[in-house]
Amino acid sequence: IPVVTRTYTTACVLTTAACQLELITPFQLYFNPDLILKHYQVWRLVTNFLFFGPVGFNFLFNMIFLYRYCRMLEEGSFRGRTADFVFMFLFGGLLMTIFGMFVSLVFLGQAFTIMLVYVWSRRNPNVRMNFFGLLNFQAPFLPWVLMGFSLLLGNSIIVDLLGIAVGHVYFFLEDVFPNQPGGGRWLRTPSFLLLYLIFMEKHMALSPKFDPPVLLGSDYLPHRKMLFDTAEEDPNYNPLPEERPGGFPWGEGQRLGG
């Protein structure tokens with residue numbers, strides 16, 4: 001499991017487990033601008049992305065989607081670009097926090113998952129999807145299918161719309177606008193991410209299992225190579241389904257989230 005996916009998924013599971021064991025309560029985690037600004041409870045800027053509700057169908061459904069599409073992004077279009085992937089997390093989280101203040105959402109983890117799904121779906125437009133054996137469609141329709149599913153279950157679609165909106169802003173600025181006449185890259189991964197991971201590398205170098213290219217996500221040349229440089233081809237790399245000829249083997253009975 002790649003490092004960012006492993007870290008985020010583990011944090012979400014541990015946070016939910018702590019709530020189930022009543023070590024903490026959701027009231028200590030939810031997003032509240034007043035408590036953040038007036039009482040300096042800054043951890044809420046992060047913890048509201050980590051709680052997906054009590055253990056149940058909704059929690060498992062969200063964890064499956066979070067793990068699946070976070071991993072496919074990190075091993076797919078962000079392979080060898082760990083710093084860029086972390087920067088997408090920071091940019092998406094910041095934008096979502098700002099928008100969340102206007103729609104009165106207290107937990108943004110589900111919207112963040114929809115953002116990951118949206119970015120993946122737009123970068124893999126030719127992948128065929130099958131939703132619980134009922135619908136066949138191309139990947140770019142996946143976020144909208146999920147929103148329709150939420151609507152059928154009687155849930156608010158504000159969460160889905162927020163995730164789609166933030167995902168579209170990132171996709172447009174990163175993939176569309178730079179290729180337009182007169183366009184350019186507005187989103188550039190800051191160098192502090194490189195410096196931080198180099199710092200982590202120095203403290204992990206004594207570990208016998210430490211692998212610098214895996215941590216840095218790029219060719220490992222300390223202090224010279226940027227994190228978002230292209231990684232060398234790994235002969236042992238097992239490509240994801242969407243990178244193989246024919247895409248996902250949905251015709252063999254594989255279902256979304258399975």
Side-chain angles (χ1 to χ4, degrees), residues 1-12 14-15 29-33 36-37 40-52 62 65-67 69-103 105-123 143 159 162-178 184-201 214-218 225-229 231:
I1 304 174
V3 60
V4 178
T5 300
R6 180 173 67 247
T7 301
Y8 185 43
T9 305
T10 301
C12 293
L14 290 179
T15 300
L29 308 176
Y30 76 97
F31 177 66
N32 186 315
I36 293 171
L37 297 176
Y40 310 108
Q41 298 182 8
V42 293
W43 65 83
R44 295 177 183 273
L45 292 171
V46 176
T47 56
N48 78 91
F49 288 97
L50 304 180
F51 184 69
F52 287 79
N62 279 290
F65 269 76
L66 171 63
Y67 171 79
Y69 290 97
C70 188
R71 180 172 183 172
M72 287 198 295
L73 273 176
E74 190 170 1
E75 292 185 345
S77 58
F78 284 100
R79 181 169 176 255
R81 300 168 54 215
T82 302
D84 284 352
F85 193 50
V86 173
F87 179 64
M88 187 192 76
F89 268 58
L90 296 176
F91 176 81
L94 175 62
L95 203 59
M96 207 165 286
T97 299
I98 295 173
F99 289 165
M101 296 174 64
F102 298 99
V103 293
L105 291 177
V106 294
F107 290 106
L108 298 172
Q110 186 175 344
F112 193 83
T113 300
I114 296 295
M115 180 197 76
L116 297 176
V117 171
Y118 183 89
V119 174
W120 176 86
S121 69
R122 293 301 300 269
R123 288 184 170 180
V159 172
L162 177 60
I164 290 172
V166 174
H168 183 73
V169 170
Y170 177 83
F171 177 77
F172 178 81
L173 294 177
E174 181 69 14
D175 292 46
V176 178
F177 186 69
R185 287 198 65 186
W186 287 9
L187 299 180
R188 295 187 179 276
T189 304
S191 59
F192 78 83
L193 290 176
L194 170 66
L195 298 177
Y196 173 74
L197 290 183
I198 288 177
F199 172 80
M200 292 294 295
E201 173 265 321
V214 171
L215 176 64
L216 297 180
S218 66
K225 296 291 286 184
M226 297 301 291
L227 288 176
F228 39 86
D229 286 347

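Along the sequence shown, the residues carry numbers beginning at 1.
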Give a yes or no answer on whether the side chain of Gln110 reaches the backbone of Val159 with a donor-acceptor pair at less than 3.5 Å.
no
If the test is side-chain contact (heavy atoms from CB on, under 4.5 Å), which one of Phe49, Phe51, Trp43 qualifies with Thr47?
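That would be Trp43.
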Flag side-chain contact, heavy atom, 4.5 Å: [X] against [Y]:
X: Leu116; Y: Met72; result: no
X: Val169; Y: Leu173; result: yes
X: Val119; Y: Asp175; result: no
X: Leu95; Y: Phe91; result: yes
X: Cys70; Y: Thr9; result: no
X: Leu50; Y: Leu29; result: no
X: Leu66; Y: Phe52; result: yes
X: Glu174; Y: Arg123; result: yes

Smallest separation among heavy atoms of [X] and [Y], with atom names:
X: Thr7; Y: Val3; answer: OG1-O, 2.8 Å
X: Met115; Y: Gly92; answer: SD-CA, 3.7 Å
X: Glu75; Y: Pro2; answer: OE2-CD, 3.4 Å
X: Gln41; Y: Ile36; answer: O-CG1, 3.5 Å

Taking side chain to side chain contact (heavy atoms under 4.5 Å, CB included) as the definition, give me every residue that meets it alongside Val106, ordered by chain and number, with sequence neighbours left out.
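Side chain to side chain contact (heavy atoms under 4.5 Å, CB included) check on Val106 returns Tyr30.
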Can you sort out the partners of Pro33 under side chain to side chain contact (heavy atoms under 4.5 Å, CB included), two or more places apart, ordered by chain and number?
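In terms of side chain to side chain contact (heavy atoms under 4.5 Å, CB included), with neighbours along the sequence ignored, Pro33 is linked to Phe31, Met101.
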Distance check, rounded to the nearest 0.5 Å: [X] atom [atom1] versus [Y] atom [atom2]?
X: Ile98; Y: Leu94; atom1: CD1; atom2: CG; value: 4.5 Å
X: Leu108; Y: Ile114; atom1: CG; atom2: CD1; value: 13.0 Å
X: Leu162; Y: Phe99; atom1: CG; atom2: CZ; value: 7.5 Å
X: Leu187; Y: Met88; atom1: CG; atom2: CE; value: 11.0 Å
X: Arg188; Y: Asp84; atom1: CZ; atom2: CG; value: 11.0 Å
X: Trp120; Y: Phe78; atom1: CH2; atom2: CZ; value: 14.0 Å

Can you tell me how the ring of [X] sits relative to the ring of [Y], calling it parallel under 30°, perpendicular over 60° and tilted otherwise?
X: Phe85; Y: Phe89; answer: perpendicular
X: His168; Y: Tyr118; answer: perpendicular
X: Tyr8; Y: Phe112; answer: perpendicular

Residues two or more places apart in sequence or in another chain: which of them pass salt bridge (Lys or Arg N to Asp or Glu O under 4.0 Å) with Arg122?
none
